[in-house]
Amino acid sequence: MAKIQPVRGTHDILGATAAGHRHVVAAAAECARRYGFADIDTPIFEFTPVFARTMGEGSDVVRKEMYTFTDRGGDEVTLRPEFTAGICRAFISGGLQQDLPLKFFAHGPAFRYERPQKGRLRQFHQIDAEILGVEGPQADIEVIALGADILDALGVLDRCRLELNTLGDPESRRDYRAALVEYFLDHKGQLSADSVDRLERNPLRILDSKDDGDRRIVADAPTMEAYLNDASQAFFAAVREGLEAIGVGYRLNQRLVRGLDYYTHTAFEFVTDALGAQGAVIAGGRYDGLIEMLGGPATPGIGWAGGIERLAMLADHQPAAARPVAMVPVGPEAQREALRLTHQLRRAGLVVDLGFRGNLGRRMKRADRLNARAALILGEDELAKGTITLRDLDSGEQSEVPVDQVEARLRQLDGSRGE
RNA sequence: GCGGGUGUAGCUCAGGUGGUUAGAGCGCCAGAUUGUGGAUCUGGAGGCCGGGGGUUCAAGUCCCCUCACUCGCCCCA
């Protein structure tokens with residue numbers, strides 16, 4: 001490694017990209033707030049079993065994508081590959097069952113050791129929403145509605161579609177899985193190598209295969225629908241009715257499955273065609289058994305995660321450029337006064353740039369580069385008179401104003417506040 | 001883990017079949033204009049041509065390896 005460089009699949013986020021991420025998080029947080037979600041921030045690493053146990057020992061994430069290491073005290077810890085398990089662990093550790101139901105909103109980095117590609121990184125960022133302690137479909141409806149509202153707030157809902165499916169309760173899922181394995185075993189010779197592998201570990205995933213040969217076999221495979229018991233059917237029907245009642249459009253997709261073991265009942269994904277192979281921007285589902293799996297009290301849950309990088313790429317947010325006021329001192333005395341005045345104007349809420357060096361010409365060029373609305377020129381003449389020269393950089397007009405009127409005059413300029 | 005594409009200045013990119021001191025535009029710095037920005041003109045700085053090895057009298061150019069980026073598969077947000 002000749003040159004120091006970032007670890008593969010990690011990025012420095014700055015400038016317009018940073019603004020884009022902030023925009024996604026701000027829009028999501030504001031929507032979540034309206035829905036009554038409380039902020040939660042859990043550690044970015046946990047004891048390894050928190051993830052290994054909940055996500056499924058057979059899942060790809062656990063088998064080969066986790067950043068796991070032994071710390072100096074000899075503990076096995078893992079950088080979070082997702083949010084749900086950590087939030088559920090926090091629920092258990094904090095003894096929060098008496099506060100149910102709970103609604104949490106979170107955002108931050110997550111880590112998976114994967115081959116990077118468009119919209120997929122090793123350190124990536126997610127927004128996340130979870131509802132704990134609600135057995136009924138009302139929670140499913142609310143959490144999906146929140147997702148749709150966030151996409152709408154970002155102006156990308158029209159380029160996304162909601163795909164919806166149910167995995168049924170554990171009993172239905174078990175029956176269906178058995179039927180599926182039986183069916184695929186009969187056609188094992190025609191399945192792709194990947195799918196033969198999946199047959200052992202996660203047969204539901206075969207439904208999702210992109211291989212043409214697999215797709216032909218999948219076409220005649222038994223469907224989940226046929227294996228749903230009455231309770232599971234009623235649950236799914238209620239979710240669908242709720243979404244229809246509030247006008248959230250969706251498409252049924254019987255092939256939509258989840259890669260992680262803890263999901264039951266509702267599974268959903270907001271997907272887009274605009275990001276190449278990484279179509280899912282918000283994805284989630286119900287995980288009624290997860291908290292128990294972690295050793296907590298049996299507590300139902302449902303939630304989703306959204307990829308901030310993917311959402312930001314879709315939203316293509318153009319930040320409104322704040323137009324500063326440029327303070328331009330000439331000479332050492334003026335610099336002292338400029339420092340004082342700049343500080344005062346900033347504390348009054350104005351965006352003021354004070355360059356660290358340079359003569360008048362340099363500072364004026366800098367003002368122009370910053371797209372400053374106005375320049376405040378302060379030299380010996382002005383100092384002596386207790387005034388400052390205010391130059392409107394759009395019109396080119398300038399005038400001398402008493403120092404104590406500067407703030408008021410600046411506020412009269414349109415587009416100059418950038419507050 | 002598997003496949004395709006791409007690595008030349010801070011950025012975007014030129015550099016047929018190997019042939020002197022590797023170029024352009026934008027950006028940056030300076031000057032024309034020593035209390036006034038944008039426009040124009042002039043000049044300047046900035047490159048182990050991703051890295052290593054090989055072929056050759058001679059490699060940015062050809063071969064091998066490697067690293068990185070990128071797009072896809074797998075998986076997933």
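In what follows, every chain begins at residue 1, and chains take the letters A, B, ... in the order their sequences are listed.
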Regarding A:Ala283, tell me which of base, sugar-phosphate or nothing describes its non-hydrogen contacts under 4.0 Å with the strands shown. sugar-phosphate
State, to 0.1 Å, how close A:Val134 and A:Pro101 come at their nearest heavy-atom pair, and which atoms those are. CG2-CB, 3.6 Å
Do the non-hydrogen side-chain atoms of A:Lys385 and A:Glu400 ever get within less than 4.5 Å of each other? yes
N/O to N/O distances under 3.5 Å, protein versus nucleotides 41-46 of chain B:
none

Got a donor-acceptor pair under 3.5 Å from the side chain of A:Arg310 to the base of B:C76? yes
Exercise: identify the closest heavy-atom pair between A:Leu162 and A:Gly249: CB-O, 3.5 Å
When the P atoms of B:U66 and B:C73 are compared, how many Å lie between them, rounded to an integer? 25 Å
Given 3.5 Å as the limit, does a donor-acceptor pair link the side chain of A:Thr54 with the main chain of A:Val50, or not? yes
A:Arg161 bridged to A:Glu163 by N-O distance under 4.0 Å: yes
Go ahead and name the base partner of B:U42; Watson-Crick or wobble counts if both distances stay under 3.5 Å, otherwise write none. B:A30
Nucleic acid footprint by protein, nucleotides 1-6 of chain B - heavy-atom cut-off 4.0 Å, B for base, S for sugar-phosphate alone: BBB---
Considering only the C1' atoms, how many Å lie between B:G47 and B:G15, rounded to the nearest integer? 14 Å
List in numerical order all residues of residues 35-50 of chain A for which some heavy atom is under 4.0 Å away from an atom belonging to RNA chain B. none
B:G10 to B:U55 separation - C1' atoms, rounded to the nearest Å: 35 Å
Could you measure the distance from the CD1 atom of A:Ile131 to the CZ atom of A:Arg286? Nearest 0.5 Å is fine. 8.5 Å
Please state how far atom CZ in A:Arg362 lies from atom P in B:G38, giving the value in whole angstrom units. 13 Å
P gap between B:A22 and B:C48, integer Å: 13 Å
note: A:Met313, atom CE; B:C71, atom P; distance rounded to Å ~ 8 Å
With rounding to the closest Å, how many angstrom separate the P atoms on B:C13 and B:G53? 30 Å
Over all strands shown, is A:Leu121 touching base, sugar-phosphate only, or nothing at heavy-atom distances under 4.0 angstrom? base
Value in whole Å for how far the C1' atom of B:A77 lies from NE2 of A:His21: 12 Å
Looking at B:A77, I'd like to know if its phosphate oxygens (OP1 or OP2) sit under 4.0 Å from a side-chain N or O belonging to A:Gln126. no
Nearest-Å distance for atom pair CZ/P, residues A:Arg255 and B:C76: 17 Å
On the six-membered ring of A:Tyr176, is A:Arg174 placed so that its NZ or CZ lies under 6.0 angstrom from the centre and within 45° of the ring axis? no
What does A:Gly284 touch in the nucleic acid at a heavy-atom separation under 4.0 angstrom: a base, only the sugar-phosphate, or nothing? nothing
Compare side-chain N and O positions of A:His11 against OP1 and OP2 of B:U70 and report whether any pair is under 4.0 Å apart. yes
Separation of atom CD in A:Glu65 from atom P in B:A77, rounded to whole Å: 10 Å
A:Thr68: partners by side-chain hydrogen bond (donor to acceptor under 3.5 Å, both in side chains), with sequence neighbours left out: A:Thr78
Whole-angstrom distance between B:G38 and B:U33, as gauged at atom P: 14 Å
B:C11 versus B:G54 - spacing of their P atoms, nearest Å: 30 Å
Show me the protein contacts with nucleotides 33-37 of chain B, counting only N or O atoms at under 3.5 Å.
residue: B:G35; atom: O6; partner: A:Glu380; partner atom: N; Å: 3.3
residue: B:G35; atom: O6; partner: A:Asp381; partner atom: N; Å: 2.9
residue: B:G35; atom: O6; partner: A:Asp381; partner atom: OD1; Å: 3.3
residue: B:G35; atom: O6; partner: A:Asp381; partner atom: OD2; Å: 3.1
residue: B:G35; atom: O6; partner: A:Glu382; partner atom: OE1; Å: 3.3
residue: B:G35; atom: N1; partner: A:Glu382; partner atom: OE1; Å: 2.8
residue: B:G35; atom: N1; partner: A:Glu382; partner atom: OE2; Å: 3.0
residue: B:G35; atom: N2; partner: A:Glu382; partner atom: OE2; Å: 2.6
residue: B:U36; atom: N3; partner: A:Gln398; partner atom: OE1; Å: 3.1
residue: B:U36; atom: N3; partner: A:Gln398; partner atom: NE2; Å: 3.3
residue: B:U36; atom: O4; partner: A:Gln398; partner atom: NE2; Å: 2.8
residue: B:G37; atom: N7; partner: A:Arg391; partner atom: NH2; Å: 3.1
residue: B:G37; atom: O6; partner: A:Arg391; partner atom: NE; Å: 3.4
residue: B:G37; atom: O6; partner: A:Arg391; partner atom: NH2; Å: 3.0
residue: B:G37; atom: N1; partner: A:Leu393; partner atom: O; Å: 2.7
residue: B:G37; atom: N2; partner: A:Asp368; partner atom: OD1; Å: 3.2
residue: B:G37; atom: N2; partner: A:Leu393; partner atom: O; Å: 2.9
residue: B:G37; atom: N3; partner: A:Asp368; partner atom: OD1; Å: 3.4

Using atom C1' of each nucleotide, how far apart are B:G60 and B:G7 to the nearest Å? 12 Å
Using the 3.5 Å cut-off, write out each protein N or O paired with an N or O of nucleotides 65-68 of chain B and the distance between them.
none

Start at the 5' end of RNA chain B and walk down; is the nucleotide closest to A:Leu275 or to A:Ile282 reached first? A:Leu275
